[in-house]
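The chains referred to below are lettered A, B, ... by the order of the sequence lines, with proteins before strands, and numbering in each begins at 1.
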Amino acid sequence: MDQITDRTTVNGKKSRSRVLEMSINGETHEITVKPRVMLLEAIRDKIGLTGTKDGCESGTCGACTVLVDGQPTLSCISLAVENEGKDIRTVEDLADGDNLNFLQEAFLDQGGTQCGFCTPGMLMSATALLEKNPKPTRDDINKALEGNLCRCTGYNSIVDSILQASDQGVKPRLL
Amino acid sequence: MTRSNEFAVIGKTTSKTDAIAKVTGDARFATDIYLKNMLWARVMRSTVAHARIISINTEKAKNLDGVKAVLTSADMPDGKYGALVLDMGVFAQDKVRYIGEAVAAVAAVDEKTAARAVELIEVEYEELLAVFDPLEAMQPEAPVIHDDLAAYTTLFERTERAMTGNVNYQSNINTGDIEAGFAAADFIFEDTYEVQKQHPSYMEPNSTVADVDETGRLIIYNTTQRPHINQAILSSLLGIPISKIRVMPCHVGGGFGGKNRTLTEPTAAALALKTRQPVRLTFSHEEEFTSATTRHSGVLKMKTGVKKDGTLIASDVKLYYDCGAYAPTPNAVWLGAISSSGAYKIPNSRVEAFSIYTNKMMGGAFRGYGAPQANFARESQMDRIARELNIDPIELRLKNCLVAGDSLHTGQKLHSVRVKETLEKARDMVAWQSPKLAPNRALGVACGIFACGGFATSSIVKLNMDGTASVATGAMDMGQGLRTVMGQITAEELGISSDDVNVVIGDTDLTPFDVGIFGDRGTHTTGLAVKKAAEDAKIQLLEAAADAMEVDVSALEIKDKKVFDKSSDNRFLHFRELLGGGQYKKGGPIIGKASINPTEQPFDTNIVQGAASKMFSTYTFATHIVETEIDAKTGEVKVIKATAVHDCGTVINPAGLKGQIIGGLTTGLGYALFEDVIIEDGQVKNPSFLECRMPTAVDIPEVEFATVDEFDSRGPFGAKGVGNVSVINMAPAIANAVDAALGVRIKSLPITPGKILQGLEERAN
């Protein structure tokens, strides 16, 4: 953790701030942060990607979940400096321009999003799950989502979305 | 009668119009607003439960580098606000009444500086005796929390106890002859129930960014269920005209009633006006649990007289709802009073309902709005009656349930009631034989009623030159899908597709008044106004077509964005031809509008005193059956399956309905089993999702749901609401299943393992 005590010159002033090179969604961003700045604050306030949500700032709700080297990570309790040089992915990485990916499409089909505040975190936890386990059971999904709270949906439609995305017989709803 | 299969758009799942932005991360919430030169605000809060403020010293805070403004009540006009009782200032005025009450606020260059400045504010208190229990607070010797209560402005007809001592609101219902009713009863059941505080737990914290534009107008970006009421309250609290305030709500990250409030807006606005810079105020996670609002906790006393055959003949209910230190929505107590008879016909009924101040965080609106408490009592006791009279619980309910044409105990005659059908259908869906299935495994049933719709709203529908339309309403979408449903209603009425409708909500510069989205009034009441505005636009369009085609309006019909002369298939005008090119023949562009208030009929004051509303438009009903398994060693209850059957009238958007039913019953599940904001000596002991846990994905049972066939002639295309009634049955259904499985009757929520083990121990002795 010697990085944190590093003193760097920023704008000609001695400062505890550090210049970090962050790789987010495949792009490298150079940002200046104080040592105690969390990854969430770096992503939202410094880089301006506000898709990742700031819910509880205490690691309890999961709205800030991003992927760090493929692992779902609560960005509100992970220091920005600890993530330098790692591959960080946020919700903005999922779509290709105007084309939604299969998981996003499944959330639309199944009503997996209501208010939408938990959705970015849910999508990132689900992405991590499907990358490791392309055919998860309902139980696997419930466990993978245990750290992502949602008050709107009762989770059912989110689980159905992930099952649809994993191509396991849950069809887009037709009513 | 029209059924959903006769509609083009209604009853068909339409993808939520805002869903794409929500899965890409583009949807903008209030916390996503970053303005140039934006300041960050923090609030200094009371650390004592009840005290007189002797002095507030803000000098050190003001002198801290980076601090731009510090405000206390001394800097504000001397106003108070509330829904029925105007009792609360933006900051504590003279006294603090709960731990967590706002005393002062700071705006600074960043959040950390603002937080440091808050710590530098010094307040000298003269502590007063506090009271935390609502029944103690009703005693004559209890400390008085609001000294000049009687002088407060109230917006309801005061009953004898209202605005005296610590009682801020009281309503009474008296129907039939209560003494004769009990005299005629063969059995009398008397129980006391206790309910806890449940936090709404929307995922997005309360947040406002306030800005002052170049003309000096106040611009508010916020997360709210009621932008137009926000605007009016800001006007009154800040002493500036409504025309100088624009509320522009962002996407709302969940509301559930908790954002039918004005919490962060006045503070952020006052700081922005003072500094002439944009100011953001976002509640911390802890502040959400100490300084927002919860479902009312309380004590419910229920005495019911029953004939041998199970006929309910008399009911005497006393509701003591703890509203905390201020009473933002005593209306919930009134809804509790209405719901306390359950979905039953009881000829002789008396209800006394109280909203009582204590020195605790506020009780306010939360999905179910006063009914989950009352229905827990009513439906728990119904099961006790069934068991003791040896009648099947569903049979007992069917015997007593309301049918269309019956009057509720408030005297309101009901025109749309299918609770009987919900009971029968749920019974069939689970193949109900008897509640007990196996040792420690049982079914539990509950049904319920919720008041739906009412209060003022309005809408504007504009037709565009290409035949598409734009609909505006001051109502809000908190995720329940109001945008989508209003688009569907407009499309159906105009004969166009949902994709052709742009829905504008909330923004007070662009939309007409709506009182706020609560109490199942979105689909129903806003829907009625939107339908009527679209109808108005349609009539104008037909008149224009009649002129152009030189036929009578009655000879015309609309299909596929065309107006046809019914007598000739070949003769038609496309909407484009009628609306395009500025060639309007009939007085210019077409704009339909409607302003309505479907709650106009007052209650009979011989039956009801202190009503907090006029008669509701209609009522929604539902039956839930849960299958539970209980670990008798640990006392843990697992809900394996939930079956929900709803009477919500016409279904407008099936996917939205599913979300409302499952989301609601999940909130009911948390209320039943574990959610509890614990307060000791006025201090919240578990102020986080970690300590005050809500259901996660692993807690959710298998859910089956259905609706019963109903067309409410007074709703838009026959629709009623669904969002609230989905919450109110889970707690009693689970309590009833626990009793059926173990013979242990839990009368206080939540139904914790500890209470079950204690009950088993008592039963064994």
Go through the steps for B/Thr282 and A/Glu57 under the test side chain to side chain contact (heavy atoms under 4.5 Å, CB included), then give the verdict. CA-CA 12 Å; B/Thr282 301; A/Glu57 292 189 349; over 6 Å; no
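Neither the backbone nor the side chain of B/Asp26 comes within contact range of chain A; no heavy atoms are under 4.5 Å apart. For B/Ile661, no part lies under 4.5 angstrom from a heavy atom of chain A. Using a 4.5 Å cut-off between heavy atoms, B/Ile700 touches chain A through its side chain atoms alone. Residue A/Asp160 touches chain B through its side chain alone, counting heavy-atom pairs closer than 4.5 Å. Residue A/Arg44 touches chain B through both its backbone and its side chain, counting heavy-atom pairs closer than 4.5 Å.
Residue B/Lys36 qualifies as open at atom NZ: its count of foreign heavy atoms under 6.0 Å is 12 or below. For B/Glu286, the CD atom is loosely surrounded, since the number of other residues' heavy atoms within 6.0 Å does not exceed 12. Heavy atoms from other residues, nucleotides or ligands lying under 6.0 Å from NZ of B/Lys638 number more than 12.
In this structure, the separation between CD on B/Gln660 and SG on A/Cys152 is 8.5 Å, given to the nearest 0.5 Å. In this structure, CG on A/Asp45 lies 9.0 Å from CD on B/Glu111, to the nearest 0.5 angstrom. Interatomic distance, B/Asp477 CG to A/Gln114 CD, rounded to the nearest 0.5 Å: 9.5 Å. From A/Leu100, atom CG reaches atom CD1 of B/Ile20 across 6.0 Å, with rounding to the nearest 0.5 Å.
Considering every non-hydrogen atom in both B/Ala19 and A/Thr113, the closest pair reads CB-CG2, 3.9 Å. Heavy-atom minimum distance, B/Met203 versus A/Leu149: SD-O, 3.4 Å. The shortest heavy-atom contact between A/Asn142 and B/Val698 is O-CG1, 3.7 Å.
Note on B/Leu665, B/Thr666, B/Ile662: by heavy-atom pairs under 4.5 Å with chain A, the leading option is B/Ile662. Contact tally against chain B (heavy-atom pairs below 4.5 Å) for A/Asn101, A/Thr153, A/Thr52: the top residue is A/Thr153. The greatest number of non-hydrogen atom pairs below 4.5 Å with chain A, out of B/Gly481, B/Ala27, B/Pro205, is found for B/Pro205. Of the listed residues (A/Val159, A/Asn156, A/Leu94, A/Ile158), the greatest number of heavy-atom pairs within a distance under 4.5 Å of chain B belongs to A/Asn156. Across B/Gly670, B/Ser207, B/Pro200, B/Gly255, the residue that shares the most heavy-atom pairs under 4.5 angstrom with chain A is B/Pro200. For the options B/Gly656, B/Gly254, B/Gly663, heavy-atom pairs under 4.5 Å to chain A are most numerous at B/Gly663. With chain A as the partner, the residue from B/Lys658, B/Arg367, B/His251 showing the most heavy-atom pairs under 4.5 Å is B/Lys658. Of the listed residues (B/Arg693, B/Gln480, B/His285, B/Met478), the one with the most heavy-atom contacts under 4.5 Å to chain A is B/His285. Taking A/Thr60, A/Asp54, A/Asp93 one by one and counting their heavy-atom pairs under 4.5 Å with chain B, the maximum is reached by A/Thr60.
Under the 3.5 Å distance criterion, the side-chain polar atoms of A/Tyr155 are matched with a main-chain donor or acceptor of B/Pro695. Side chain of B/Lys22 to main chain of A/Cys115: a donor-acceptor pair is present (N/O by atom type, distance under 3.5 Å, no hydrogens or angles). Remark: side-chain polar atoms of A/Arg151 are not paired, donor with acceptor, to backbone N or O of B/Phe256 under 3.5 angstrom.
Using a 4.5 Å heavy-atom cutoff, the side chains of A/Phe117 and B/Thr31 are in contact. Considering only heavy atoms from C-beta on, A/Gln104 comes within 4.5 Å of B/Thr24 through its side chain.
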